[in-house]
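All values below were derived from every heavy atom in this structure, side-chain atoms included, with hydrogens, water molecules and symmetry-related copies excluded. No experiment lies behind these values; they were computed from the predicted model shown. Lettering of chains follows the sequences in order, A, B, ..., and the numbering in each one begins at 1.
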There are 2 protein chains.
Amino acid sequence: MTSSLHHRAIENLGARIISGELPAGHIMLAEKLEDELKVSRSVIREAVRVLQSLGLVETTKRVGIRVLPSSRWNPFDPQVIRWRLAGDARGAQLRSLAELRSAVEPAAAELAAQNAPAPLRLELVDVAHAMRDAGHKGDVPRFLELDIQFHSLLLSGSGNEMFANLMGQVAETLTGRTVHGLMPDHPHEAALQWHVDVAEAIARGDAVSAREASDRIMRRTMSQMSDTWTEQPRVFIPVDR
Amino acid sequence: MTSSLHHRAIENLGARIISGELPAGHIMLAEKLEDELKVSRSVIREAVRVLQSLGLVETTKRVGIRVLPSSRWNPFDPQVIRWRLAGDARGAQLRSLAELRSAVEPAAAELAAQNAPAPLRLELVDVAHAMRDAGHKGDVPRFLELDIQFHSLLLSGSGNEMFANLMGQVAETLTGRTVHGLMPDHPHEAALQWHVDVAEAIARGDAVSAREASDRIMRRTMSQMSDTWTEQPRVFIPVDR
DNA sequence: TGACACCGATGTGTGCAGACATCAAAACTC
DNA sequence: GAGTTTTGATGTCTGCACACATCGGTGTCA
């Protein structure tokens, strides 16, 4: 299912476009792709349609399939994010996601305090306490798992489906941070307490405290990570189009 | 180009799925769609592939094309947003976008003050001043145009491509707000000044002031709009999957 | 007799090959 | 240079073979 031919074609072309191997403006012909990937026309066509909907290519009659500049890519698409994380732009992608997270999570905490269903609030408190325990014990894998669950619950509890959809990407960044050895064996006590503070503020419906505690977590996270990507160039996308 | 057959098929099916006419779990057969839409298999197959990549449907052999629940849709995809804005979920979608905006823009202002290229800073100041003029004159269409340009410049100036990508959606919300008569003929003086404050803070690289002024704009905007969508039900997306 | 495992029939998506239609870039004519 | 024709790529349609999940029948065993 995941290894259907058109899926593999999407994967192949998407990764090569985003890695820069197929640069913006590069023109491919469907026929060339057919015998390059050894698949039939319909497979290529279906793959190109999907890439088109992601903003990676456009097709023009009498010209072919043109690779679009990165400013046209949909930066919120999970596949695009995955391809960027796998390539040279990994650092820039992680920074973008971290900036988005640090903007969104405090807002999500505020909304969760106002709107989250009761069982979710209770679960959030439980997870925050479990995180503190795992942090004290230095159980890194367990801590990562709980960390992901905590932030997923928070985003989901906001009742905003766009916030909730960031769960997957947040999991990626947290996992990436751990895998890259950016997490100490024992998370700082203050950070552990802030997670508990967020959960308890949400549990009692205190929106202002929830936002403030979440904001503290995010500011600390950003300042921890910021030195690892200072060398990443920023991209300024023109306003028109 | 925009009226190619497969594009029309995507439009037709996407709108019907998101409107709820084709509910989650509903199963369609490719052959049925062929003679319902009077197009060939290749057109249907390409359309279904795109809808699949948006999370709207899944295909299973021997079963057919199954409509997925809304929790699986990609809420950041521009097409999905457009379909939701066109249907019953319009209110909920506008609220989601407004919440996202109010989370992101202050962060974007802070980043723009630190990173935006000089010409963009100057343009931002010009636009803010032009907004104030248009606001005083009661020139509503001109004001809307400048408002969109201002917030686009701000998001673009952050140097975060995810923030910049929200330009289009922000334009939608601002336009929608004006069309729905939620904007007074003469914007409040304080809001006009806050726009100037944001621009000037960014121009002089004052990140803290830029965020604070932007935050004031967003809080005012949210409190203005919140009463229009209090009846919209919130959706809580389960964390697992 | 009833419960259960096996296995083949069936229906549906997946992939392939080839034809013709369409349309915009490029070449040509005046 | 403007208008026209040619050309070559994508767009659309169709028939076929195949893969494979589901369903129902058959056989076995208790």
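Atom CZ in R66(A) sits roughly 14 Å away from atom P in dA9(D) (whole-Å rounding). Distance CG (L5(A)) to C1' (dC20(D)): 15 Å, rounded to an integer number of Å. If you measure from atom CG of L29(B) to atom C1' of dT14(C), you get 15 Å, rounded to the nearest angstrom. One atom, NE2 of H7(B), and another, C1' of dT12(D), lie 17 Å apart when rounded to the nearest Å.
Listed for the R49(A) side chain is no donor-acceptor partner under 3.5 Å among the backbone atoms of R49(B). In this structure, K38(A) contributes its side chain and D35(A) its backbone to a donor-acceptor pair below 3.5 Å. Proximity of a side-chain donor or acceptor of N115(A) to a complementary backbone N or O of L111(A) within less than 3.5 Å is detected. With hydrogens and angles ignored, the 3.5 Å screen pairs no side-chain donor or acceptor of W73(B) with any backbone N or O of I18(B).
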Restricting both atoms to N or O, compile the protein contacts to nucleotides 25-29 of chain C shorter than 3.5 Å, with distance only.
none

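Taking the side chain of S4(A) as heavy atoms from C-beta on, and the options dG15(C), dG13(C), dT10(D), the nearest nucleotide is dG15(C).
In this structure, N12(A) places its CG atom where more than 12 heavy-atom neighbours from other residues, nucleotides or ligands lie under 6.0 Å away.
Proximity of H6(B) to the phosphate of dT12(D): a side-chain N or O atom is located under 4.0 Å from OP1 or OP2.
Less than 4.0 Å separates DNA chain D from at least one heavy atom of each of the following residues of residues 31-49 of chain A: R41(A), R45(A), R49(A).
Using cut-offs of 30° and 60° for the angle between ring planes, the F76(A) and F76(B) rings count as parallel.
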Quick one, D133(A) with H129(A), criterion side chain to side chain donor-acceptor pair (under 3.5 Å). Give me CA distance, side-chain angles, the key distance, then yes/no. CA-CA 6 Å; D133(A) 292 347; H129(A) 288 152; over 6 Å; no
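Sorted by first and then second residue, the pairs that involve residues 20-31 of chain A and meet side chain to side chain donor-acceptor pair (under 3.5 Å), not counting sequence neighbours, are R16(A)-E21(A).
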